Each structure stands twice: as C-alpha cells, then as structure tokens.
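Take a look at the structure below.
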Amino acid sequence: MKIPKLLQAVLVLAIVYFGFILVFDIILDHVIPSSLLTMYMFFVVAGVFMVYTANEKSAKELVAPIKALVEDPSKKMIRNVVFVILPLLAGWYTYEKTSLSFEAPVELRTIHPAPPSSMKAYGKRYNVLKLENPFRKFEKTDPKKFKELIAEGAKVYIQNCHFCHGDKLDGKGPYAAGLNPTPANFQDVGTIAQLQESYLFWRIATGGPGLPKEAAPWISSMPIWQDFLSEEEIWQVILFLYDYTGYQPRSFGHE
Amino acid sequence: MKCQDGNRGKFNLLGLVALLAILFYFAPIHFNEENLNFGVSVAESAEPAAEASTDVAASPYGPAPKTTLASYPTIKGINGRVVIWLVAQLHLWFAAFVLAVPIFVFIIEAIGMRTRDRRYDNMAYEFIKVSITAYSLTAILGGLLLFSLVLFYPDLWGYLATIFKDSMFWYAALFFAESACLYLYYYGWHWLQGGDRKWVHLTIGLLLNAVGTMLMFLANSWLTFMMSPEGVNAAGVFAGDIWPAIQNHLWNPINLHRVVANVAFGGSIVGAYAAFKFLSSSRAEDRAHYDWMGYTANFIAISALLPLPFAGYYLTTEIYAFSQQMGITLMGGIFAWLFIIQAVLIGALFLSANYYLWCCMGRSDGAERYYKYIKYIAIVIVGAFLVWFTPHTLVLTNEELKALGGPYHKYVGPFGIMPAKNTAVNLMILATFVSFLFYRRANKIATVSWVKIGNSAQVALFVAGVINIFILGVYYGYFTNTVYKIAASIPQVCTTLAVIVISILIDSFMYKNAKEVAPLKWGRVPERSQYALFLLAVSFTWLMGLMGYIRSGIRQHWHVVDIMRDNSADAFTPTMGFAANVVSIGTIIFLSMVIFVFWLSQISAKKVEPENYWAPEAVDGAVGKGGGG
C-alpha cells in the first residue's frame, strides 16, 4: 500500500523528533536541550516540506488530502472535527508556553566573557592583548625546567583549585554541586582550548569581581586569586591546565 | 521623461558631492591641531601618557578628543545613535546594491558580446536601469549620514575628518568619476552598440567598477580605523601619514568580505526584482524572460554566496588576531547570541537557494531522473545546517542544567566551535553544488563514450573531498592547537573549491555536444519558487543589517577602539531584542524603498496616449522636430 505523501511527511518528522530524544536522552544519557530541539525541528520541518514540494507532482500529492478536507463535501464531519481540534491544540500549546510557573527563567549565559584590553593586578597594569606566559618559552629551551614548573602548577592546583574544578579538571570538584553556574570544565573543547594564556591569567587573577559589566550578572564565585597566589604561581597553574588536558593555548604564530 | 529624471538624479548627486567637498574642506579647520584638544591637556587625554607624550610633542595634531555627555547634542529628544544606525545601514544597503549591480552587468554584457546573444545585453541594460534610481537614493542617504554624524557626533566626526581629510577629498573626486562613468554607461548603452563602440562601452563599465570599488575601499578604511586604529599613537595623536591609517589591520579583510557580499546581495535583490516582475506578468513571454532573469540573478548571488563564509572566516580570524577581546566579544561573548540568528539566516539562504534550483528543474522534461536524489541532498544540507547553528553556549532550563551537571554538553557541545562549523559549511556548499549539477544536467543526455567513467570519477572526487574535509575538521579541529585548528580551514576550503572546479571540468567535457531532452521551458516554474527568491533577498538584507550591527557593536563603548571613548548616554550595548528590532525596522524601510524603485522601473516602461488632451498642432510640431523625449 502506498502511504500518502502527507502521512509520509508527518511520519518522517515524528521519527526525527523521537529519534533525537531516543539517541540523546536515552542512549547517550545526555538530554537534548529543549531550545535546541525546537530549533532543530523547525529546520527539519522546513527541509521535509521543501523535499515534498520540490516538484509539481509531489507538491500536488502532498496538499491533496488537505484540499480534499477543505473542499470535499463528503468530508464534512472530519472537517468539523479537525477545525475544532486544531485551534484547541494551538490554544493549549500557547497556554503551556506562556502560563506562569515556578521554574526560574532561562538565563542567557556566555561561556567566555570578553576580557578587557588592559587589567590591574599586583599593583601594576597589564596589557591583556600582548601579555604572554613568561614560562612558556621553557617548553622549547629548557624542557626539564618546564616540567618542574608544571609540577609546581599541579601543586598549586590541587591545593587551591580542585575543590571546584575537580581533580580531573572537568569542573566536577567536591564543591561543584553547590555552585550555579557550575565551575568551568577545562576538558571541554570549548573552554581553555579556545583561549590565550593571557585570558586565563585575567580570569584567575581578578576572579568573579573582575568580570566585565556587560552581560551581567555573572554570579561567578571565582575568588580573586591575586590575593592568595603569586604572579608566578598563576602562570605555573596555567601551564599545568594545558599540560594536563593536552590542549595548547590559542596563539597566532606557528611553533 | 528619462532625460528629466536623469537630470534630477545628477542634480541631487552633484549637490551632495559639492556639499561633501565643502564639509570636508571646513572640517579640518574647525577640528584639527590645537582646536582638537578641546581644552584637554595632552597629559590628561593620553592613556599611557609616557608613550604618547613624545609623539604629541612632534606632531602638529592633537590627541583624540575626550568627550563628556555635553559633547553629544540632543535635538528634539531624537536618539542620535538610532538615527545614525538606521541611516548608515540604509546607505550601506543601497551602496552595496549599486556597487554590485555594475559588477555583474559588466559580466553579463561581456557574455552577450561573446555569445552574440542579444538577450544578455537586454538583461544587463534592465539591471543597470534598476540601479540608476538606487544610485540617487544611495547618494541622498550618504548625505543624510554625513549630516547625522556632524549633528549628533561632532567630536567623532571632527577627529576622523582630521585624520582622513585627504582621503575624503579623493572620495568626493571619485564620486564625480563614478557618476560620470555610470551615466555614460547607462545613457550610452544604445548609442555605443556594435564593433569598437561596444568595446568602448564595456571599457566604461570596467572603469565604473574600478572607481566604485575604490570608493568603497576608501570608506571601508574609515570604519575599520574605528575598529583597529593605526597611524595614531595610544592617545590618538595622528602621526601625519594617512596611509597606515587607511591600511589598518582590518581594512583588507573587510574589503574582501564586502566585495563578495555585495555581489551576493546585489544578485539577490535583482532576483527579487525578477520574481516581482514574474509574478506580476500575465504574458507567457514576459514570464519566460523574468524567469530567466531570476535564474541568472540567483546564479550570480549563489556563486558569490559560496565563497562568502570563507571571507567571513578570514575577517574573524583577523579580528581575533588584532584583539582577543574583540574576537571573544564577537563570537563567545554577548554577540554570540546574535550569531545564532546569523547562522539561522545563512542556513535559510542555503535552503532557499537549493529549493529554488529544485523547483527550477521543472523547466526541463528530463529532470524526472534526478528527483529521487533531492532527499539525500536535503538530508546533508539540513544535517550540516543543524551543526552550523548549534550554539557554543546552550540555552538550558534549570532542569536541563541539573540533568547535564553543568552548562557543557558532552555530545552537542563540540558542535559549538569553529572546526565543526567549518566542516558543516563546506558540506553545505558541496551539497548546493550537487543541486546545481543536477539542474545543469536535467535537460541533457551525455553522448560521449566515457560517461560511466566520468560519473565514477566525479563520485570518487566527491567522496575523497568529503573524507578530506572530515579529517581536516575533526582531527585538526579538535586534536591540535589553535594555530592548526584555524589553519585547517584553508585546506578545507581548497578541497571544496578543487572538487567544484574539477567536477565542472569533467562535466563540461562530458556534456559537450550533449543531446537535449527537450527545449527548456522558461516560465514553467511554480510560483512558490519565486517566493524562494524573495526569501533570499529578505534574508540577505536582514543578515547584512545584523552583521553590520555586530561588526560595529563589538567596539562597545569606544568610538575608536582604545583611543576615543564614547561618553554619550548611548554608550552601552543595547539589548538583543532592541537591536533586532532596529535591524528589522531598517530592513522593512529598505525593502519598501526597493519596492518603490521596482515600481518606478515598471511605470517608466508604461506609456499612456491621452485622447483629446494635446492640441493636434503641438503633437505634429514635436514629431516634426524629432523630439518628444
């Protein structure tokens, strides 16, 4: 039996929709955000209807049942049912989306706040655009010393940072569950792997209070580490973050 | 009537150019040298004072003005920023259109000369006719922008005029040259026909394009200076040499991006014009003509759209290289949300472009053979598109945040960064090219003996290309450092371009002397295909408005980044909703004006002979003198 085109289109959409939920929510055990699923489905719907209306024959077959429903006198009963159900469904959906709830509103947070062009720390001003890790050069010139610096950085990290950012640097330290927003996950490809070392220096040295005014409130609980660590210790811990995760800091020159 | 319209247009333009020249002449007198200090001492205005002081002593120019709230006049409660935003954007839209149209009119005229197919010449003339009215509007809006800048941001204007005064004179001179070339090109179209005369005409077209492009490059230098200032010291003191200020860090990336984008945008607007004419025509031959015109315009728009993402990457890479702060504000910070809208619009462009090609296959009786492949192309495009617009930072409800244990999504998260986007866009481009290839083949049957080998070679080429794009995107994109991550996008582009070029070569040899299934039936396209052309034009327009705002907005509270601070009441980044509303209002105004231009071109072709209105002697007299307009 040949399935009518309209039913085919609806089935394809249902399969894709439930496919997303099955794959992400059940198989991979990582929910697909509803905002993302809505955007995905919008374009899947567009794509499906574009395919079905790409030629005249197919387009006519697709709209034939709708035309028949509206125009065919013998379908009066079903027409009335559909014309009652559709507005009710639309009304229910609108009500669901707009009714008040106890759920806190969604916040548009940005992962990377924009750094300032210059910053103040340790009583002096740094040009963030040109600031470089003073120890990075030892990676080539003195690998042994470089390893020692990384080991120093690891110590600093374990003594100060792992409580929130985790011993695997995945943002899942013992205190992480009590924080919202949760601590940064350095293992994620979208965090330190995308950034220059000067950016990390700025975030560590000035902490949550050093975040820019735009896109506030940041509600970051990152301490101002310049009050507790020396400048060298911050640069060492930055070396450790990149070494442990295996990422390279963002740079614009070849090695 | 045409002559009168033209004269009016010339009058407007010449008046504006004269006005520009006068303003540019006086601006430096008012604002340069000691006047530019505005009562602020050098030491006060210099940020790193020690660095600036030596240059200040040597330079006859003052530092960048330090403005206060009082430096920004308020006129009848009008919001100066919104006025300048809208006027600048409208000016840019029209300027992009009038710069783009001569580029492809020149190409179409050249094709007509080569093929001796008169239809090309007629179409090129119709295109340039549409751009003539738009040219006047561009100039009027440019004048309005100048007035707005002088009125609402006098200190900024004064500072820029001090640095760029020489180039502003050149700008005015080039404007004269462009007007001269355009009017000669348009009014001389039917006069310079045949033999050497046609070559002269084509040369004027080339000159028109050269002058227009130089004009745009000059204006680009002013706005890129505001983003990546050079030729001045940290306090904004101009060193006296204009060339470094023009050739600032972002000048060439913007130049390249704008040239390509203008062609795509101009093509889409002309495509919308053809769709408008197609839908409003009832005669079969008119519909056939405008169908062909729409197809050609769309072809131009899409040809320029394909390399556009790469020009965009180049620009963004240079923004990051110039300032990590600006780069992050752009892609990872507050403006990242607008990039989601940008991604959706670019996806809409690709979808509508493909849909148009699929619908247009209906012109051919041989297209049936290829319909079954459309769904696969759609799967690739929609799939790549989903990756393309997956945001770096997800919008999560608290429930989802809890379920995921944080804002990072292990599986969707990696789609949020550029390597995934690069891979996706290359696949979208290749899929769009496949749509074009099917459209091209729809009406033909290859007659060469090596058809199977040719097809197999093309399939192998595509498979190898896609594998290479994936390796470059996944391995280099995720498992190497950022230098290689960014650099990998270049071989990805080269792969895509190589697949396209080699495939076209194979196809053109394979389909040389091919049999036609039946003559192409121009005009036999569903009306919904024309709405795809409208969608293309609207998406391009909105997209340009949005990206224009983002490009300008990443300067944040600076008029000139790190040099001249914006201290007006509007020195804040507006909410995304507000920005989107302003861009939408601009889009509606622009498209209304474009519809007006279309309507003008329609009424210019209409001629009414009123009965018993003119005295018989007067009509005879006019005819006798060979006049009548």
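What you see below is based on every heavy atom in this structure, not just the backbone, and it leaves out hydrogens, waters and symmetry mates. The structure presented is a predicted model; accordingly, all values stated were derived computationally and were not measured. A note on names: the letters A, B, ... follow the listed sequences, proteins ahead of strands, and every chain is numbered from 1.
The number of heavy-atom neighbours closer than 6.0 Å to OH of B/Y376, taken from other residues, nucleotides and ligands shown, is 12 or below. Heavy-atom contacts from other residues, nucleotides or ligands closer than 6.0 Å to CD of A/E132 number 12 or fewer. Annotation: A/F42, atom CZ; neighbour count of heavy atoms from other residues, nucleotides and ligands within 6.0 Å does not exceed 12. Crowding of A/K5 atom NZ: a count of heavy atoms from other residues, nucleotides or ligands under 6.0 Å exceeding 12. Residue-environment remark: CZ (B/F572) exceeds the threshold of 12 foreign heavy atoms within 6.0 Å. The environment of A/F163 atom CZ is dense: over 12 non-hydrogen atoms of other residues, nucleotides or ligands sit within 6.0 angstrom. Heavy-atom contacts from other residues, nucleotides or ligands closer than 6.0 Å to OH of A/Y17 number 12 or fewer.
Between A/Y40 and B/L386, the shortest heavy-atom contact is CE1-O, 3.6 Å. For the pair B/K410 and A/H30, the tightest heavy-atom approach, listed with the atom from each and the gap, is CB-NE2, 3.6 Å. For A/V31 against B/H409, the heavy-atom pair with the smallest separation is O-NE2, 2.8 Å. Closest approach of A/P33 to B/V395, counting heavy atoms only: CB-O, 3.9 Å.
Only the side chain of B/I340 comes within contact range of chain A, with at least one heavy atom under 4.5 Å from a heavy atom of that chain. Using a 4.5 Å cut-off between heavy atoms, A/S58 does not touch chain B at all. In this structure, chain B has heavy atoms under 4.5 Å from both the backbone and the side chain of A/L28. Neither the backbone nor the side chain of A/S118 comes within contact range of chain B; no heavy atoms are under 4.5 Å apart. With a 4.5 Å cut-off on non-hydrogen atoms, A/Y52 does not touch chain B at all. When heavy atoms are compared at a cutoff of 4.5 Å, A/I32 approaches chain B solely by way of its backbone atoms N, CA, C and O. For chain A, the nearby parts of B/T390 are the backbone and the side chain; heavy atoms of each come within less than 4.5 Å. Heavy-atom distances place no part of A/A177 under 4.5 Å from chain B, backbone and side chain included. Neither the backbone nor the side chain of B/V561 comes within contact range of chain A; no heavy atom of the residue lies under 4.5 Å from a heavy atom of that chain.
A/Q194 places a side-chain heavy atom less than 4.5 Å from the side chain of B/I417. At a threshold of 4.5 Å between non-hydrogen side-chain atoms, the residues B/I328 and A/P115 count as touching. Taking 4.5 Å as the limit, some side-chain heavy atom of B/P391 sits within range of a side-chain heavy atom of A/M39. Counting only heavy atoms from C-beta outward, the side chains of B/P526 and A/T53 never approach each other to under 4.5 Å.
Interface remark: of the candidates B/Y371, B/W358, B/Y356, B/F322, B/Y371 forms the most heavy-atom pairs closer than 4.5 Å to chain A. Counting heavy-atom pairs closer than 4.5 Å to chain B, the top residue among A/G47, A/A59, A/P116 is A/P116.
With rounding to the nearest 0.5 Å, the separation of CE in A/M50 from CZ in B/R528 is 11.5 Å. A distance of 7.0 Å separates CZ in B/F389 from CG in A/L36, rounded to the nearest 0.5 Å. Annotation: the span from A/F43 atom CZ to B/W388 atom CH2 amounts to 12.5 Å, rounded to 0.5 Å.
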